[in-house]
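Proteins get letters first, then strands, A, B, ... in listed order; numbering begins at 1 in each.
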Amino acid sequence: MFDTEQEKIRIKKLKLLKEKGVIPYPYKFKVTYTIQDIQTKAPELIAKKKSIQSAGRITAIRGHGKTIFVDLQDRYGKIQIYLQSKLLGDKYEIFKLLDIGDFIGVKGELFETHTKELTILVQDFTLLSKSLHPLPEKWHGLQDKEIRYRKRHLDLIMNPDVKNVFLTKVKLIKEIRNFLDNRGFIEVDTPILQPVYGGAFAEPFKSHYKALDRDFYLRISDELYLKKLIIGGLDKVYEFGKDFRNEGIDRLHNPEFTQLELYQAYADYEDIMQIVEQLFKNLLTKITCPTVKREGKNEITYQGIKIKFKIPWQRTTFFDALKKYTGKDLKNSDISEITRIAEENEILILKGYHRGKILNSLFETLVQPNLIEPTFIIDYPKDISPLAKEKRGDPSLVERFELFVAGIELGNAFSELNDPLEQLERFKSQQEFRNKGDLDAQIMDKDFIEALEFGMPPTGGLGLGIDRIVMLFTDSHSIRDVILFPQLRT
RNA sequence: GCGCCGCUAGCUCAAUUAGGUAGAGCAACGGACUCUUAAUCCGUAGGUUCAGGGUUCAAUUCCCUGGCGGCGUACCA
């Protein structure tokens, strides 16, 4: 546990401190000014020679014989403190048993050094926690991505920009809440452990509930429960939910991720598109990440690509988009033609792939990477959208859209299917796909059908990938950079 | 899953070309130093080179297997 030379030395220092009567892990310390407070109120604090108390982690020590300069870091900032042996007497020697990484509380007065650096002249200090491991190197920080993800505490200590990313995530979620609350939506929560999973195409994580002696699944979406709330009359609901999908990990996928789902009664997918546009307009105005430069309120530069969010965003039908990038109108094509195009483009077709699924593969490979500016792809084939309502005037399609920005899928929405008899038929055809080998086909949920039978008003519904939106706002290349503890191999 | 790349001191990196006693900076330890800020100066210590196997007189270096990670790709509509 304490194998290295430096760790052994720290353990020894801990023992020495105890022998000298220093409590290495005390209970509390009164902070009268955070480091950020000190910085904003500096002129006043200096002028009035106010006694201030602040606390933080030691990140650098520069000794000069009878004086020591120390950098102290707290949640929002870093400040220099100055210790003089003539002021501290015997305690000055105690400080020599402290290390980079230790937490201390200090009491003193603020002043400016000759080089105009804000500094606390320390009259007294208190050890608040002894750190038993050396921190990574001060200048290069912590680079090793594996350690950064596995030991996020070290990443946060050493790489201040990381903090900004997660503070931006918090602000963004808070702002979405505000936006929805102001429009009369109510926030709810629905089960994560579900006896039947549904609402998306994905394999679930499976668990076992001993008391009931039956298998449960971690939800892959909140959809069916939220629609029950619409049936129950809540009319406008949303949930920020952790969803779990038993699938691969890459720069856009983490097995557990945060999704916003919202449902609005008496609305259709057109209304939802407008909500999404307004929501982003609001976020673009209010959310800025300190480490990401933005030129204007209507644009974001993501990974070097400038993206404009001028409303209304582009709306293109699924088949028009395919036509643009394949040169062929595939709306009435048969499966052999689609298969041929897939093969021409070296798109893998696995067991259980039916027409819609191959079309979707074509779309993802040939169209999606080109969708840089915010784009609503609308009106999807029915067989890959079992929860969406038929397109008015075209029974082969459904009223559904997906939102793409920077080639990344950010959201999925429909005019929700509310005809219980048709929903039953859709589930049945999903069952057939499943029997033919499509393991992601959706599961019959009789409980949900029965709820629909009581009557669900026309409803528009939406799912938004929050982590991916945060990627956009923080210019993060990987979803791992916007999830504090991303999944890694154990 | 597949492909490529990587893994060396607590951290950041050298040394691998063509096999020949594994180095530096920071951090640490001892010493000097009352405005430094990547403090400076003098000195010291610190290594199962990811693991296991193989080739060789000799392996961080070459080969094989495994582990972990990164990037890409596939799967995940």
| Closest to the Thr119(A) side chain: G10(B), C71(B), U36(B)? | U36(B)
| message | Which heavy atom of Glu261(A) sits nearest to which heavy atom of Ser221(A), and what is that distance? | response | OE2-CB, 3.4 Å
| said: Under 4.0 Å, heavy atoms only, any strand: does Phe111(A) hit a base, just the sugar-phosphate, or nothing? | reply: base
| said: Expressed as a whole number of angstroms, how long is the span from Ile147(A):CD1 to C7(B):P? | reply: 14 Å
| field | Interatomic distance where CD1 belongs to Ile249(A) and P belongs to C68(B) [whole Å] | value | 12 Å
| message | Base of A27(B), side chain of Gln6(A) - is there a donor-acceptor contact under 3.5 Å? | response | yes
| Taking the side chain of Leu488(A) as its heavy atoms from C-beta onward, which of A74(B), A38(B), G69(B) lies nearest to it? | G69(B)
| said: If I pick the P atom on G19(B) and the same atom on C62(B), what distance separates them, to the nearest angstrom? | reply: 9 Å
| query | Counting only distance, no hydrogens or angles, is the base of U36(B) paired donor-acceptor with the side chain of Thr113(A) under 3.5 Å? | reply | yes
| message | Please pick, from C68(B), U12(B), C71(B), the nucleotide with the shortest atom-to-atom distance to any side-chain atom of Lys145(A). | response | C71(B)
| request: For RNA chain B, determine which residues of residues 379-392 of chain A have any heavy atom closer than 4.0 angstrom to one of its atoms, and list them numerically. | output: Ile384(A)
| request: Inspect the surroundings of NZ in Lys323(A) and state if more than 12 heavy atoms from other residues, nucleotides or ligands are less than 6.0 Å away. | output: no
| field | P spacing across the pair A24(B) / A9(B), given as an integer number of angstrom | value | 14 Å
| C75(B) base / Asp250(A) side chain donor-acceptor hit below 3.5 Å | yes
| field | Options C68(B), U34(B), A38(B), nucleotide nearest the side-chain atoms of Lys86(A) | value | U34(B)
| message | Within a 6.0 Å radius of atom NZ on Lys107(A), are there more than 12 heavy atoms belonging to other residues, nucleotides or ligands? | response | no
| Would Arg219(A) and Glu239(A) count as a salt bridge (charged side-chain N to carboxylate O under 4.0 Å, His left out) if you check the C-alpha gap in whole Å, the side-chain angles of each, and the deciding distance to 0.1 Å? | CA-CA 13 Å; Arg219(A) 71 176 169 208; Glu239(A) 175 169 17; 3.2 Å; yes
| What nucleotide, of C75(B), G10(B), C68(B), holds the atom closest to the side chain of Arg489(A)? | C68(B)
| Within 45° of the ring axis of Phe414(A) and under 6.0 Å from its six-membered ring centre, is that where the NZ or CZ of Lys389(A) lies? | no
| So, are Lys13(A) and Asp99(A) salt-bridged, with charged N and O less than 4.0 Å apart? | yes
| message | Using atom P in both nucleotides, what's the gap between G52(B) and U61(B) to the nearest angstrom? | response | 12 Å
| message | In whole Å, measure the gap between the P atoms of G10(B) and U48(B) for me. | response | 7 Å
| said: Please check: side-chain N/O of Lys163(A) versus main-chain N/O of Arg75(A), any donor-acceptor pairing under 3.5 Å? | reply: yes
| note | With the side chain defined as heavy atoms from C-beta on, Asp99(A) is closest, among C29(B), C11(B), A45(B), to C29(B)
| message | Please classify the nucleic acid contact of Arg480(A) as base, sugar-phosphate, or nothing, using heavy-atom distances under 4.0 Å. | response | sugar-phosphate
| said: Please determine whether a side-chain nitrogen or oxygen atom of His477(A) lies at a distance below 4.0 Å from atom OP1 or OP2 of G72(B). | reply: yes
| task | Give Gly63(A) one of three labels, base, sugar-phosphate or nothing, depending on what nucleic acid heavy atoms sit under 4.0 Å from its own. | result | base
| query | C1' atom, G3(B) versus C26(B): distance in rounded Å? | reply | 37 Å
| field | Residue Glu346(A) excluded, over 12 heavy atoms near CD under 6.0 Å | value | no
| task | Using atom types as modelled and distance alone, determine if a side-chain donor or acceptor of Ser333(A) lies under 3.5 Å from a backbone N or O of Asp329(A). | result | no
| said: Rounding to an integer number of Å, can you tell me how far His64(A) NE2 sits from C33(B) C1'? | reply: 8 Å
| field | Closest to the Glu146(A) side chain, choosing from C68(B), A28(B), U12(B) | value | C68(B)
| said: A quick test of your reading: do over 12 heavy atoms of other residues, nucleotides or ligands sit less than 6.0 Å from CG of Asp90(A)? | reply: no
| Where does RNA chain B pair, written as one dot-bracket string 5' to 3', with Watson-Crick or G-U pairs under 3.5 Å, ( ) inside the strand, [ ] for crossing pairs and | for another strand? | (((((((..((((......[..)))).(((((.......))))).....(((((..]....))))))))))))....
| Hey, is CZ on Arg150(A) packed in by over 12 heavy atoms from elsewhere, all under 6.0 Å? | yes
| task | Give one of base, sugar-phosphate or nothing for Glu117(A), where a contact means two heavy atoms less than 4.0 Å apart. | result | base
| What does Arg148(A) touch in the nucleic acid at a heavy-atom separation under 4.0 angstrom: a base, only the sugar-phosphate, or nothing? | nothing
| Between C1' of C33(B) and CD1 of Ile68(A), the distance in whole Å | 12 Å
| query | What's the CG-C1' distance between Leu135(A) and C26(B), to the nearest Å? | reply | 12 Å
| field | Pairwise P distance, G47(B) and C35(B) [rounded to whole Å] | value | 36 Å
| task | Decide, applying a 5.5 Å centre-distance limit and a 30° plane-angle limit (both strict), whether His114(A) stacks on C35(B). | result | yes
| message | Taking the minimum atom-to-atom distance to the side chain of Lys13(A), which one of A28(B), U36(B), C71(B) wins? | response | A28(B)
| said: Test salt bridge (charged side-chain N to carboxylate O under 4.0 Å, His left out) on Glu256(A) and Lys242(A); report intermediate values, then the result. | reply: CA-CA 6 Å; Glu256(A) 59 179 295; Lys242(A) 273 283 188 75; 3.0 Å; yes
| query | Base, sugar-phosphate alone, or nothing: which one does Glu203(A) contact when heavy atoms must sit under 4.0 Å apart? | reply | nothing
| request: Determine whether any donor atom in the side chain of Gln80(A) lies under 3.5 Å from an acceptor atom in the base of U36(B), or the reverse, and answer yes or no. | output: yes
| What nucleotide among G70(B), C68(B), A45(B) has an atom nearest to a side-chain atom of Glu5(A)? | A45(B)
| query | Taking atom C1' in both U60(B) and U8(B), what distance in whole Å separates the two? | reply | 7 Å
